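Since we're looking at a predicted model, the values are computed, not measured. By convention in this document, chain letters (A, B, ...) are assigned in the order of the sequence lines, proteins followed by strands, and residues within each chain are numbered from 1.
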2 protein chains.
Amino acid sequence: MPKRDHLLLRLAVDLVILTVRDDALQVLTITRANEPFRGQAALPGGFLREGEDLLQAAIRELHEETGLDGHRLYLEQLHAYGEPGRDPRGRIVSVAYLALMPDLPLPTAGSDASSAAWTPVAKAAGLAFDHDEILAGGVERARSRLEFQTLATAFCGDEFTIGDLRNVYEVVWGQRLDPRNFNRKVLGTDGFVEATGGKRMPEVGRPAALYRAGGATVLNPPILRTDKHG
Amino acid sequence: MPKRDHLLLRLAVDLVILTVRDDALQVLTITRANEPFRGQAALPGGFLREGEDLLQAAIRELHEETGLDGHRLYLEQLHAYGEPGRDPRGRIVSVAYLALMPDLPLPTAGSDASSAAWTPVAKAAGLAFDHDEILAGGVERARSRLEFQTLATAFCGDEFTIGDLRNVYEVVWGQRLDPRNFNRKVLGTDGFVEATGGKRMPEVGRPAALYRAGGATVLNPPILRTDKHG
DNA sequence: TCAAAAGTGTTGCTTATACACCCATGT
DNA sequence: ACATGGGTGTATAAGCAACACTTTTGA
């Protein structure tokens, strides 16, 4: 058997970690401490280890970079990138994962050891490697997922108002939604959210009922972007 | 840097090649000539080579197994599988690709060198490795794609009737569709199909107009499965 | 003339959208 | 009182499923 059938390579797992923060869709980036691309922003990630599944590696990297428990976050595989020249260090294939999380204070943030920072997706150009492309794929996946699945709740904390949820949609899609119709769509979908019974006082205006994420994952009927079709 | 950060592995590309044949959704399987799983059915695939992109590898494997030009087929990446124990030969991560093609005679079929054969998806249990799971993922992706994209035409030849196209949907979804409504949906979607001007005589009944694939890829409005929501 | 598949018209139900309107709070 | 966001009701429009009906062929 020819040698070329036995190409050995390393496998990286890169993370597109998204949150909604300050009314903007933001992505967690790190500043590279080593060459190549030293000092440049990049997506967090690392190499697959022995005896480790891809998802396990994604959860581990997520924990290492943010201190968060990846088991409790929404995490899905995005795409594999394997262009020969994509990493100057050699032949490295990357499997990208998408993580969605609420705007929590990062446990490792503030420590000198961590260079993780939130960057608005709209300003996150010029990432290292092919991470611009990976980020674009992750953002588009998230946008699309909101249409057909209930995971907008993954951007919210344990308790949230319908207004919070609507804000997630508006920020992720970059599009205004009718608050009244949105309300009914969400409450009319069994298992999307369930009332906690509590209320939250806004700075101004009527108190809003609080909800937590329901058991459903598919969103039927879907909540469609109107400008979806180019 | 610890050694475990430098795990070397091989990367395989496996293909879920689907067609509609004899009114059934069928998948191309090969019979394994070597251990492990010698003599057992499996999805076609092979190892990534030096200097080769993942998609290039998929196109190459497709050509080697079927003799077909992968550049002319619908081909998309499905998912990466990396469970440590998935391949007895060692640490092998597999990236699965989905290919859709019309029911053409395979150029390599019939030759002793090739063990490629069409197997109805409904009967394709017990494949080698984790290929049952990969196949299931590919089939579900194809079913879902038909709802929102125009690629049902990828299952048809250069020229086809609306009835042919409807048969693709019915077979892939395992669901009957109203011929009259289907007709209007397809013809009412700009760029889905364009008339060639020709007609085809069926064995019995009125001749049907012939069409070829149009330029559109997104299907707006979508053609939805009714039983979609479990 | 009949069977079978292609294709058109129409009806009525189901949804979505747009927007009028009311509710509950802080200032 | 009024500004502000939360929430309900409703009319109009659009979409789709169901099905009656016509067309075009071979036998």
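Using a 4.0 Å heavy-atom criterion, one finds that B:Arg200 contacts no nucleic acid atom at all. Nucleic acid contact for B:Pro179: none, since no nucleic acid atom lies under 4.0 Å from a heavy atom of the residue.
Per the geometry, CZ belonging to B:Phe182 stands 17 Å off C1' belonging to D:dA18, to the nearest Å. A straight line from CZ of A:Arg180 to C1' of D:dT10 spans 12 Å, rounded to a whole angstrom. Between the CZ atom of B:Arg184 and the P atom of D:dA18 there is a distance of 12 Å, given to the nearest Å.
Checking side-chain atoms of A:Asn183 against main-chain N and O of A:Arg180 turns up no donor-acceptor pair under 3.5 Å. Remark: the backbone N or O of A:Phe192 is not paired with any side-chain donor or acceptor of A:Thr150 at under 3.5 angstrom.
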Would you list the protein and nucleotides 23-27 of chain D atom pairs, both N or O, that sit under 3.5 Å from each other?
unit_1	atom_1	unit_2	atom_2	d
D:dT23	O2	B:Arg206	NH1	2.8
D:dT24	O2	B:Arg206	N	3.2

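Of the residues near DNA chain D, B:Asp178 and A:Asn183, the one whose nearest nucleotide (by heavy atom distance) lies more toward the 5' end is A:Asn183. DNA chain C is contacted by both A:Lys185 and B:Leu187; B:Leu187 maps to the nucleotide lying nearer its 5′ end (nearest heavy atom per residue).
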**Request:** Begin from the C-alpha positions of B:Glu159 and B:Arg200 and carry the test salt bridge (charged side-chain N to carboxylate O under 4.0 Å, His left out) through to its verdict.
**Result:** CA-CA 10 Å; B:Glu159 291 198 331; B:Arg200 181 198 294 164; over 6 Å; no
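In terms of the side chain to side chain donor-acceptor pair (under 3.5 Å) criterion, residue partners of B:Ser94 (sequence neighbours excluded) are, by chain and number, B:Asp14.
Along DNA chain C, the stretch of nucleotides lying under 4.0 Å from any heavy atom of chain B spans, 5' to 3', C:dA4 to C:dT10.
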